[in-house]
Amino acid sequence: MGAPAPPGHYRLGTLLHPPAAFFGAGLGGVPGSAYAPSRVRGQEGILRCHPDLAGRELQQGTLTAESRREQSGAGLTSLSADERLRLAELNAQYRARFGFPFILAARLSDRAAVQRELARRLLCLPAQELRTALGEVKKIGGLRLADLLCADPAKL
Ligand SMILES: NC(=O)N[C@H]1NC(=O)NC1=O
């Protein structure tokens, strides 16, 4: 057994053996109850398990291997100091506005698009943003699962 994941991380295992909240309160959707407070709390809890893009964990080298690979693929490991600062400011504004970190499937993006998308989504309404962020979590999980199964993500 390895060391437990540092706070603020989710591990692949949590995507593959998720708590009931992941599918029940989290990503599933029973029409009519989608905005019950406990459901929203469960969903936000899932989002808060994600590390910031180009955030502290990346700088400190404490990201999971999967996150590091994804963030590196989007060019977030080779940002200039200015780009890093700008992203940190936007991440902080986003977290202050929505109460959870900005989430994007980094493997489907690049450094310019990450910053553009972060600035755009900062202006969205909270309920809409919650849906978008959960959609990104699904994409990240789907891509990781496809890797494990050596499958085409579009066919999962
Ligand atoms: N905040 C955030 O989106 N983090 C994640 N996204 C991704 O593709 N890998 C991550 O670590």
Side-chain angles (χ1 to χ4, degrees), residues 1-36 38-79 83 87 90-91 94-95 98-122 124 127-156:
M1 281 278 272
H9 281 227
Y10 65 83
R11 296 191 57 85
L12 182 60
T14 60
L15 287 180
L16 302 181
H17 304 284
F22 189 72
F23 292 114
L27 296 179
V30 180
S33 64
Y35 296 104
S38 63
R39 172 174 292 261
V40 169
R41 269 199 303 279
Q43 291 170 328
E44 290 178 348
I46 290 163
L47 301 178
R48 279 195 287 271
C49 289
H50 289 69
D52 277 346
L53 288 172
R56 187 172 35 87
E57 291 95 337
L58 179 62
Q59 316 312 327
Q60 295 179 344
T62 54
L63 280 179
T64 60
E66 293 85 6
S67 280
R68 185 173 169 81
R69 202 164 40 243
E70 289 153 0
Q71 298 203 25
S72 163
L76 300 179
T77 45
S78 49
L79 297 178
E83 287 173 319
L87 219 46
L90 289 171
N91 270 328
Y94 183 98
R95 199 183 275 270
F98 298 111
F100 49 80
F102 171 70
I103 298 176
L104 183 77
R107 274 168 66 174
L108 304 177
S109 198
D110 60 45
R111 60 211 275 180
V114 166
Q115 186 168 315
R116 227 178 18 248
E117 190 63 2
L118 180 39
R120 185 190 71 76
R121 281 173 47 189
L122 248 178
C124 291
Q128 179 189 357
E129 195 45 33
L130 181 61
R131 279 194 303 273
T132 303
L134 291 169
E136 293 298 316
V137 171
K138 274 188 180 176
K139 286 185 207 168
I140 296 167
L143 289 166
R144 291 183 180 190
L145 195 55
D147 274 355
L148 277 183
L149 302 175
C150 299
D152 177 351
K155 295 191 178 147
L156 283 183

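Here the structure is a predicted model, which means the values were calculated and not measured.
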Practice task
Kindly give the heavy-atom pair with the smallest separation between Ala106 and Leu53, and that separation in Å.
Solution key: CB-CD2, 4.2 Å
Exercise for the section: Check whether any side-chain heavy atom of Leu143 sits under 4.5 Å from a side-chain heavy atom of Glu70, and report yes or no. Expected result: no
Exercise for the section: Kindly indicate whether the side chain of Arg68, heavy atoms from C-beta on, has any atom under 4.5 Å from the side chain of Thr77. Expected result: yes
Handout entry: Distance, nearest 0.5 Å, that separates CZ of Arg131 from SG of Cys124
Key = 10.0 Å
Exercise for the section: Compare every heavy atom of Phe102 with every heavy atom of Asn91, then report the nearest pair and how far apart it is. Expected result: OD1-CB, 3.7 Å
Exercise for the section: Calculate, to the nearest 0.5 Å, the distance between atoms CG and CG belonging to Asp52 and Leu87 respectively. Expected result: 8.5 Å
Exercise for the section: Report yes if the side chains of Arg121 and Glu136 come closer than 4.5 Å at any heavy-atom pair, otherwise no. Expected result: yes
Practice task
Report yes if the side chains of Arg144 and Ser67 come closer than 4.5 Å at any heavy-atom pair, otherwise no.
Solution key: yes
Handout entry: Test side-chain hydrogen bond (donor to acceptor under 3.5 Å, both in side chains) applied to Glu117 - qualifying residues, sequence neighbours left out
Key = Arg120
Practice task
Would you give the length of the straight line joining atom CG of Leu104 to atom NZ of Lys139, rounded to the nearest 0.5 angstrom?
Solution key: 7.0 Å
Completion exercise
Of all heavy-atom pairs linking Ile140 and Ala105, the shortest is CG1-CA, 3.7 Å
Handout entry: Closest approach of Ile103 to Ala133 (non-hydrogen atoms, all atoms of both residues)
Key = CG2-O, 4.3 Å
Fill in the blank from the handout: So OG1 of Thr62 and CZ of Arg56: to nearest 0.5 Å the spacing works out to 7.0 Å
Contacts table for residues 145-156: side-chain donor-acceptor under 3.5 angstrom, sequence neighbours left out:
from: Asp147; atom 1: OD1; to: Arg107; atom 2: NH2; distance (Å): 3.3
from: Asp147; atom 1: OD2; to: Arg107; atom 2: NH1; distance (Å): 2.8
from: Asp152; atom 1: OD1; to: Ala154; atom 2: N; distance (Å): 2.9

Handout entry: Shortest non-hydrogen contact from Pro101 toward His50
Key = CG-O, 3.4 Å
Practice task
Can you measure from CG (Leu134) to CZ (Phe100) and round to the nearest 0.5 angstrom?
Solution key: 7.5 Å
Practice task
In plain terms, say whether Glu44 and Arg41 are close enough for a salt bridge, that is, a side-chain N and a carboxylate O under 4.0 Å apart.
Solution key: no
Problem - Heavy-atom closest pair, residues Leu90 and Gln115 - result: CD1-CG, 3.8 Å
